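Here is how names work: the chains are called A, B, and so on, in the same order as the sequence lines, proteins then strands, and each is numbered from 1. Since the model is a prediction, treat every value here as computed from it, not as a measurement.
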Amino acid sequence: MTRALSNRDIADIFLEIADRMEILGEDRFRVLAYRRAGEAIADLRMPLADYRARGALEEIPGIGKTIAEKIGVILDTGALPLAERLRAEVPDGVLDMLRVPDLGPTRASRLYRELGIASLEDLRLAVESGRLRTLKGFGPKSEERIRQGLATLAEGQQRTLLGPALATAELLLAELRAVLPAVPRLAYTGSLRRGRPTVGDIDLLAAAEDTAAVTRAFTALPQVARILGQGEVKASVLLHNGLRADLLVVAPERWGSALQHFTGSKEHNIHLRRLAQERGYSFSEQGFARPDGSLITCASEEEVYATLGLPWIPPELREDAGEFEAAAAGRLPDLIPPEALLADLHMHSRWSDGRAAIAEMAAAAVARGLRYIAITDHSAYLGVTGGLDAARLHEQAAEVAAVNAEWNARGASFRVLHGVEVDITTDGALALPDEVLATLDLVVASLHVSLRQPREQITARLLRAIANPHVDIIGHPTGRILNRRPGADLDMEAVFRAAAEHGTILEINSGPDRLDLDAAYVRRALELGVVLAINSDAHHPDELVWTRLGVLTARRGWASAERVVNTWPLERLLERAQRKGR
DNA sequence: GCCGTTTTCGGCCCGACTGTTTTCAGTCG
């Protein structure tokens, strides 16, 4: 049985069409149209087939009559003649060459047509043999950059996880503040500020009158391994930890337009500039240029959006995924603030694979201002080391009670819930019997094994767990590990509908390499009425801070505090658990 | 190829930096 094409698959078809057309030198606006269509499809939160069934394909911005027809052909036949034709004209290997830094469609096309280079391997051989230099316009610097680019690609460049990238960015900012005390404003921007789960590099912004002094100080930081580029207002470096960092410096009165510009996303900025054009302005990081060339500068981001008649749009929403329309209609979501979390409902202790005692986890949670937590050690099941059976859980209950008694005696308003992270077995049963689960305050159920079951099987398995009246929360629902494995092949629409129907909470797991559910799923789950939890899955007290990443993910998914149970008072959460039938 | 608060035609996002260029194209973000 062939699997139905996902939105992502179809988006890729259009994006590849755009790339190939660009290499062939097609009209650049036609290329742009295919690229926009591909990006629009990738951002959709419902299957394309649903749009077509409703006759709504052409309502998607960027999709008109022609591309809507092509989507129909792809949905019906699984392929597109145009794509096949282009694939014959531009081999996959030439497309691969676009991934080499500093090699774009124009030069890749010349390499293919003038030297017959049709793959990364061909390119490597051409560099080694010195043949590249024979081409007009390719000097020794180009050759060296391409050689380095090929080496980087061969290492398999992975995107950096949000958590460590934030730590590095904050370190760089602290260093810069130390050497440049007079610089009024410094911030990280880019995908880091938007809270993407992984980032390609670190983007920093500074405001200063003497811009060159700041770029010089930046490239002289001890963390810098190599300077990739340096101008009056911009610099780009490679750090010793392998991350790339870019800095832009602007005059203080242009801070707002520059912060907006450098935060992106690219798609958000393109949309914003189009809106500016409609009002007769040209917008850049300098500000709004009037037709006569005069400039309206913006010292704050609020001024940028206000000039377009819009309220400020939070960075996490800036993906051109409906935020402009929502802002114009006064319907931007009231995003969950980071300080709204009162609880953390998924963490481990030394009773299973954690590295601290329950009392230590509790103390760390109190120090973070939390009002209640759930200790959810693993159940005994295949592969999970040191999991708890019924007898051990019973013993653990006494320790939880003792920790609660201690905080109670100290007059603290704090409570440890006794929970478990129970395994969902390969057939969708739970690894502990119902009568044991009934003795606990909170049950998190998670998939850990057989994540590669076929779609129907693993979906049915998860649906069975969602329907179990003892299950309060589904932990890390898809099981993805960033940079390592995709999530299970689940029918997420069915998962969300079932969770909404049964009142089962879905987790945003805040582990830096999980962030599962991801933002797109969060948004769709909310649309279908699902309630969420943001949990650390901490195995050590220091890991409780991870929920910061979960909050960013929730905000990227347009979540308000109301829809996240960790913002609720304990009584409300327990009442909900009761209602489900525990 | 898409699209409309000057439009169904004629536009389509903008600037910095780099290299191989004697004035700018390509690439990137």
Nearest-angstrom distance, P atom, B/dT23 to B/dG15 = 23 Å
ask   = Can B/dT6 be described as syn, meaning its chi torsion is within 90° of 0, or is it anti?
value = anti
ask   = Mind checking the P distance from B/dT20 to B/dC28? Whole angstroms is fine.
value = 15 Å
inquiry  = For the P atoms, the ones on B/dC9 and on B/dC17, what distance do you get once it is rounded to whole angstrom?
reply    = 43 Å
task = Compare side-chain N and O positions of A/Thr66 against OP1 and OP2 of B/dC2 and report whether any pair is under 4.0 Å apart.
result = yes
note = A/Glu285 has its side chain closest, among B/dC12, B/dG15, B/dG29, to B/dG15
ask   = Does A/Arg279 or A/Ala108 map to a spot on DNA chain B nearer the 5' end, using the closest nucleotide for each?
value = A/Arg279
note = When rounded to whole Å, the CD1 to C1' distance for the pair A/Ile146 and B/dT18 reads 13 Å
task = Check every atom of B/dT27, B/dT20, B/dG29 against the side chain of A/Lys141 and return the nucleotide holding the closest atom.
result = B/dT20
query = Looking at side-chain heavy atoms only, is the closest gap between A/Ile17 and A/Lys70 below 4.5 Å?
reply = no
task = Using whole Å, report how far CG of A/Leu259 lies from C1' of B/dG29.
result = 15 Å
message = For B/dG11 and A/Gln277 - does any side-chain N or O of the residue sit under 4.0 Å from the phosphate oxygens OP1/OP2?
response = no
message = Any side-chain N or O of A/Gln230 below 4.0 angstrom from OP1/OP2 of B/dA16?
response = no
query = Within this structure, what is the CG-to-C1' distance between A/Leu86 and B/dG1, rounded to whole angstrom?
reply = 14 Å
request  = Would you indicate what A/Val233 reaches in the nucleic acid, counting non-hydrogen atoms under 4.0 angstrom: base, sugar-phosphate, or nothing?
outcome  = sugar-phosphate
query = Want to settle it: does A/Glu143 or A/Ile60 sit nearer the 5' end of DNA chain B, counting the closest nucleotide to each?
reply = A/Ile60
inquiry  = Hydrogens and angles aside, do A/Gln260 and A/Tyr305 bring a side-chain donor and acceptor to less than 3.5 Å of each other?
reply    = yes
Interatomic distance at P, B/dT5 relative to B/dC12, whole Å = 16 Å
message = Do A/Thr263 and A/Arg194 pair up side chain to side chain, a donor and an acceptor below 3.5 Å, judged on atom types alone?
response = no
request  = Measure from the side-chain heavy atoms of A/Phe262 and tell me the nearest of B/dT27, B/dT5, B/dG29.
outcome  = B/dG29
Spacing of A/Arg107 atom CZ relative to B/dT18 atom C1', expressed in whole Å = 10 Å
inquiry  = Once you apply a heavy-atom cut-off of 4.0 Å, does A/Ile63 come out as touching a base, just sugar-phosphate, or nothing?
reply    = sugar-phosphate
key: Any side-chain heavy-atom pair of A/Leu150 and A/Leu120 under 4.5 Å   = yes
inquiry  = Is A/Ser236 close enough to B/dC17 that one of its side-chain N or O atoms is under 4.0 Å from OP1 or OP2 there?
reply    = no
inquiry  = Nearest to the side chain of A/Asp102, heavy atoms from C-beta on, is which of B/dC14, B/dG29, B/dT27?
reply    = B/dT27
message = Within a 6.0 Å radius of atom CZ on A/Phe218, are there more than 12 heavy atoms belonging to other residues, nucleotides or ligands?
response = yes
query = Distance check: side-chain N/O of A/Arg145 vs OP1/OP2 of B/dG19, anything under 4.0 Å?
reply = yes
ask   = Which nucleotide in the list B/dC2, B/dC14, B/dG29 gets nearest to the side chain of A/Ile67?
value = B/dC2
query = Quick one: is A/Arg274 getting a side-chain N or O under 4.0 Å of the B/dC12 phosphate, OP1 or OP2?
reply = no
key: Nearest-Å distance for atom pair CD/P, residues A/Glu232 and B/dT18   = 11 Å
inquiry  = Considering every strand and a 4.0 Å limit on heavy-atom distances, what is the contact class for A/Asp27: base, sugar-phosphate, or nothing?
reply    = base
message = What's the closest nucleotide to the side chain of A/Gln286 if the choices are B/dG1, B/dG15, B/dT5?
response = B/dG15
key: Side-chain touch A/Met492/A/Leu517, heavy atoms, less than 4.5 angstrom   = yes
query = Within the pair A/Ser142 and B/dG19, is there a side-chain N or O less than 4.0 Å away from OP1 or OP2?
reply = no
query = For the residue pair A/Phe324 and A/His268, does the interplanar ring angle fall in the parallel (under 30°), tilted (30 to 60°) or perpendicular (over 60°) class?
reply = parallel
key: Whole angstrom value for the distance that separates P of B/dT27 from CE of A/Met97   = 11 Å
Exercise: do A/Arg159 and A/Thr198 side chains pair donor with acceptor under 3.5 Å = yes
ask   = Using atom C1' of each nucleotide, how far apart are B/dT21 and B/dT27 to the nearest Å?
value = 15 Å
request  = In whole angstrom, give the distance that lies between atom CE of A/Met21 and atom C1' of B/dC2.
outcome  = 13 Å
Rounded distance in Å - CG (A/Leu308) to P (B/dT5) = 14 Å
inquiry  = Give me the distance, rounded to whole Å, that separates B/dT6 from B/dG1 when you measure between the P atoms they each carry.
reply    = 28 Å
key: A/His261 side chain, from C-beta outward: closest of B/dT27, B/dG15, B/dG29   = B/dG29
ask   = When all nucleic acid strands are considered with a 4.0 Å heavy-atom cut-off, which category describes A/Leu103: base, sugar-phosphate, or nothing?
value = sugar-phosphate
message = Counting only Watson-Crick pairs (N1-N3 plus N6-O4 or O6-N4) and G-U wobbles (N1-O2, O6-N3), all under 3.5 Å, who is the partner of B/dT8?
response = none
